[in-house]
Amino acid sequence: MQTVVYDGSFEGFLSAVFDVYEYKLSDVRLVPEYRHQPSMFAAPHFVANDVKHSDRVWKGLEKKLTKAAQEQVYRSFLSELDGIENILLQYIQYAFASPIFMEEDYSHNAVLSVFQTAKKVWREKHRMEAFVRFQKTADGLYYGIIEPDYNVLPLIANHFTTRYADQRWMIYDAQRKYGMYYDLDTVITIQIQFSEEMAGGKGVASVYDEGEEFYQQLWQQYFKSVNIPARKNTKLHIQHMPRRYWKYMTEKHIAQGPSRAKP
Amino acid sequence: MNERVLEKLSILADAAKYDVSCSSSGSKRKNENGGVGNAEGMGICHAYTEDGRCVSLLKILLTNHCIFDCAYCVSRKSNDVKRAAFTVQEVVDLTMNFYRRNYIEGLFLSSGIFKDPDYTMERLVTIAKKLRTEEKFNGYIHLKTIPGASDTLMKQAGLYADRLSVNIEMPTELGLKLLAPDKKREDMIRPMTFLKNEIIANKEEQKAVVKVKAPLFAPAGQSTQMVIGATNETDWQVLKLSDGFYKHMNLKRVYYSGYVPISNDSRLPAIGTPVPMVRENRLYQADWLLRFYGFTVDEIVSPDDPFLDMQIDPKLNWALRNLHQFPVDINKADLEVIKRIPGIGIQSAQKIWEARKFKTLTWDHLQKFNIATSRAKYFLNMKVQDFVPKDYTPQQIKNFILSASQTKYAANHSPQLHLF
């Protein structure tokens with residue numbers, strides 16, 4: 001088995017697919033650098049991330065897949081699941097070999113798997129569009145922190161840009177240690193060290209806009225008031241809003257909003 | 001000042017929570033003016049209450065002062081509750097600040113009726129107008145239309161709101177007369193009809209190619225809600241009414257709200273009576289069958305057998321009463337027929353329909369498609385692992401399915417609520 005190591009980026013992955021065809025590699029295993037464990041017995045093939053190569057593969061796929069299916073390939077990749085590259089490679093090889101659109105051939109393992117993975121990533125994207133909670137700082141920046149199961153930040157930026165066209169915002173993925181910042185004009189990717197203190201809204205009051213604490217309190221009150229105790233259904237609640245997301249959700253932080261000075 | 005707003009919010013959100021609609025989908029309002037908000041496309045649930053309901057909109061009453069005395073309503077005139085009223089600006093500020101923090105998709109504003117219907121409706125319209133014109137707000141706005149408000153105000157409401165709704169309140173006219181003597185069904189049907197005509201006319205205008213685009217009028221359509229289990233209506237009556245709304249009023253949604261006992265009024269179920277949650281769920285399932293699965297009301301319930309089965313879902317129930325239409329060959333049957341197989345939803349049916357063009361599908365494939373195989377197997381004409389199809393009776397199949405899914409449904413069968 002030939003191990004093929006790429007840099008972990010989507011372009012790198014597409015370059016790896018290019019290499020598989022270019023060097024006629026067979027029986028390969030695609031591994032991102034961050035998962036690669038050197039072995040004494042086999043020399044891996046290292047992929048150079050080359051825009052020309054990745055572009056050729058992507059443009060080639062354009063002719064073989066509908067736009068929606070191409071999107072599925074990208075989304076599945078963002079799942080970062082162990083081994084997803086190999087399923088995607090099978091999918092791409094099938095696409096290139098097939099004379100007809102093959103993306104609805106769900107009895108094919110790779111096709112079904114890409115379809116299902118893309119769906120999971122899409123759900124996570126949708127969840128993050130829902131669960132981001134912005135806090136407004138004194139200088140008018142709305143910032144929110146997330147820790148999504150999959151790397152969905154590149155997928156959600158557009159949603160927030162259209163929606164909050166007139167406010168500066170930043171969403172930071174604390175798991176993957178990068179964020180996206182919108183400055184009223186464009187969105188840029190940023191890498192900063194973010195203090196843990198800020199995470200749960202536990203920061204110093206002076207960092208916040210003066211209305212921030214009040215609106216968090218109002219939102220918490222609202223969340224409490226709309227509940228109908230006679231219909232309590234904890235299982236359903238958790239199913240829709242799994243505990244792992246609560247950390248950054250204002251309404252789940254009753255005890256620890258921004259520091260509240262008691263008069 | 002702040003404390004007072006906090007208190008108002010708790011009173012007026014609490015009073016609004018029995019309105020179940022929280023949909024924020026189906027609008028076409030884009031952010032085209034560089035403002036805030038975008039109500040395009042699919043709705044978003046930003047949170048879920050502890051009872052598992054979607055929180056999508058800031059759902060509040062403008063006031064819970066009310067001149068009416070509807071027995072099933074917490075805000076009824078004779079009820080001894082704290083009363084409050086927001087100012088126009090307070091509602092605008094709450095909406096904008098919640099929206100900017102990504103708490104909500106928009107505003108769902110309703111109100112108790114103070115002074116008269118027009119006076120109340122005018123306040124609601126003022127708030128929507130202010131959000132749209134002064135705050136450049138393009139998020140979702142759902143306004144409750146007050147029965148008896150003038151057509152002029154309704155028309156204005158439609159220009160600013162994405163969705164309008166008139167609650168039909170009770171499934172039967174008799175029930176309404178008994179519990180809400182101040183209200184007449186005619187007062188609800190009339191505005192619905194008005195809105196239907198305006199929405200259709202506006203759609204035509206949108207289609208016409210003209211230089212200046214016609215303004216949107218309630219682009220997400222209208223919906224309604226009825227309270228279930230407060231009177232002795234049958235499911236057949238409920239579904240017939242819904243079906244009529246979908247067919248003749250172009251309604252997007254009908255919501256069913258299981259009655260939550262809030263009063264000692266002898267006309268109503270006593271306090272402590274469980275909320276009919278299973279029934280509510282079954283009604284929604286039946287509603288789905290009407291809207292997406294091509295079922296008619298008469299296939300689901302009939303005047304002779306007017307109640308839904310609480311133990312099994314209405315689709316399975318239909319299949320058991322129509323076993324002569326099964327088993328189905330999923331490699332040959334029409335899509336519409338596949339959709340009717342218990343355990344196979346619309347998306348799975350679609351997947352089967354597409355995948356079989358490439359290859360004959362087997363049981364192994366179906367299992368990977370995540371369909372509810374434990375149900376579907378009784379209705380399929382294919383080789384199923386470890387399962388020999390026999391001429392089971394409907395009752396036998398029902399029992400098999402119930403015992404296989406016991407963990408999931410057992411608790412729900414009993415009319416008693418489970419307390420943890």
Side-chain angles (χ1 to χ4, degrees), chain A residues 100 102-109 111-113 115-116 126-127 129-136 142 144 159-167 169 171 211-212 214-219 221-241 249-252, chain B residues 2 5-6 9-14 16-18 30-31 34-38 40 42 44-55 58-60 94 97-98 100-103 136 138-139 258 260-261 274-275 277 351-352 354-359 361-362 364-365 368-370 417 419-420:
Chain A
I100 52 165
M102 37 50 80
E103 56 209 53
E104 287 171 350
D105 183 4
Y106 299 113
S107 59
H108 187 284
N109 272 334
V111 175
L112 185 65
S113 185
F115 174 85
Q116 286 172 340
H126 189 67
R127 242 180 205 158
E129 287 169 354
F131 292 171
V132 164
R133 296 287 178 265
F134 286 127
Q135 308 195 51
K136 190 182 183 187
Y142 288 82
H159 169 86
F160 285 97
T161 314
T162 0
R163 168 163 299 215
Y164 300 114
D166 70 342
Q167 75 186 41
W169 55 259
I171 303 170
E212 181 56 30
F214 179 47
Y215 282 108
Q216 288 194 18
Q217 238 178 303
L218 283 167
W219 175 241
Q221 179 61 54
Y222 179 71
F223 186 70
K224 226 178 350 180
S225 300
V226 291
N227 183 40
I228 301 178
R231 299 181 60 114
K232 187 179 167 75
N233 190 340
T234 310
K235 204 180 136 200
L236 193 60
H237 172 61
I238 305 261
Q239 184 189 320
H240 286 308
M241 231 164 93
M249 297 179 77
T250 315
E251 60 274 27
K252 284 291 181 188
Chain B
N2 283 1
V5 174
L6 199 62
L9 180 65
S10 75
I11 294 170
L12 296 169
D14 186 272
K17 72 188 177 189
Y18 299 99
K30 292 183 200 166
N31 187 352
V36 65
N38 188 16
E40 237 184 318
M42 68 204 294
I44 297 179
C45 296
H46 283 273
Y48 291 85
T49 57
E50 284 170 20
D51 50 67
R53 287 171 310 134
C54 162
V55 180
L58 169 63
K59 195 193 304 182
I60 46 174
L94 271 174
N97 278 287
F98 277 13
R100 287 191 180 283
R101 286 167 176 79
N102 206 42
Y103 297 164
K136 283 198 193 170
N138 301 304
V260 180
V275 182
M277 281 158 75
K351 221 190 268 173
I352 290 168
E354 283 159 355
R356 76 182 195 193
K357 291 177 202 155
F358 295 86
K359 204 184 282 170
L361 301 178
T362 65
D364 281 350
H365 295 133
K368 285 189 196 145
F369 289 1
N370 291 334
L417 268 189
L419 298 174
F420 293 95

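So that the names make sense, note that chain A is the first sequence line, chain B the second, and so on, each numbered from 1. The structure displayed is predicted, hence computed values, not measured ones.
For a residue to count as touching a neighbouring chain, one of its non-hydrogen atoms must lie under 4.5 Å from one of that chain's; by this rule B/K30 does not touch chain A. Using a 4.5 Å cut-off between heavy atoms, B/V260 contacts chain A through its side chain alone, with no backbone atom that close. Both the backbone and the side chain of B/L58 come within less than 4.5 Å of a heavy atom of chain A.
For A/H240, the ring-ring contact (aromatic ring centres under 6.0 Å, His included) partners are B/Y48, not counting sequence neighbours. Listed by chain and number, the residues in a salt bridge (charged side-chain N to carboxylate O under 4.0 Å, His left out) with B/R53 are B/D51 (sequence neighbours excluded).
With a 4.5 Å cut-off on side-chain heavy atoms, A/S107 and B/L361 count as touching. Between A/E212 and B/R101, the closest side-chain pair of non-hydrogen atoms falls below 4.5 Å. B/V5 places a side-chain heavy atom less than 4.5 Å from the side chain of A/L218. With contacts defined as side-chain heavy-atom distances shorter than 4.5 Å, the pair A/E251/B/V55 does not qualify. Counting heavy atoms from C-beta on, the side chains of B/F358 and A/V111 never come closer than 4.5 Å. The side-chain heavy atoms of B/K59 and A/V226, taken from C-beta on, include no pair separated by under 4.5 Å. For the pair B/H365/A/Y106, no side-chain contact is recorded, criterion being any heavy-atom separation below 4.5 Å from C-beta on.
When A/L236, A/D166, A/I100 are compared by the number of non-hydrogen pairs under 4.5 Å with chain B, A/D166 comes out ahead.
Using the six-membered ring where Trp is involved, B/F98 and A/Y215 have ring planes that are perpendicular, over 60° apart on the 30 and 60° scheme.
B/N97 and A/K136 are not linked by any side-chain donor-acceptor pair at a separation below 3.5 angstrom, with hydrogens and angles left out of the test.
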| message | Is there a side-chain contact (heavy atoms from CB on, under 4.5 Å) between B/F369 and A/L112? Walk through the geometry before answering. | response | CA-CA 8 Å; B/F369 289 1; A/L112 185 65; 3.9 Å; yes
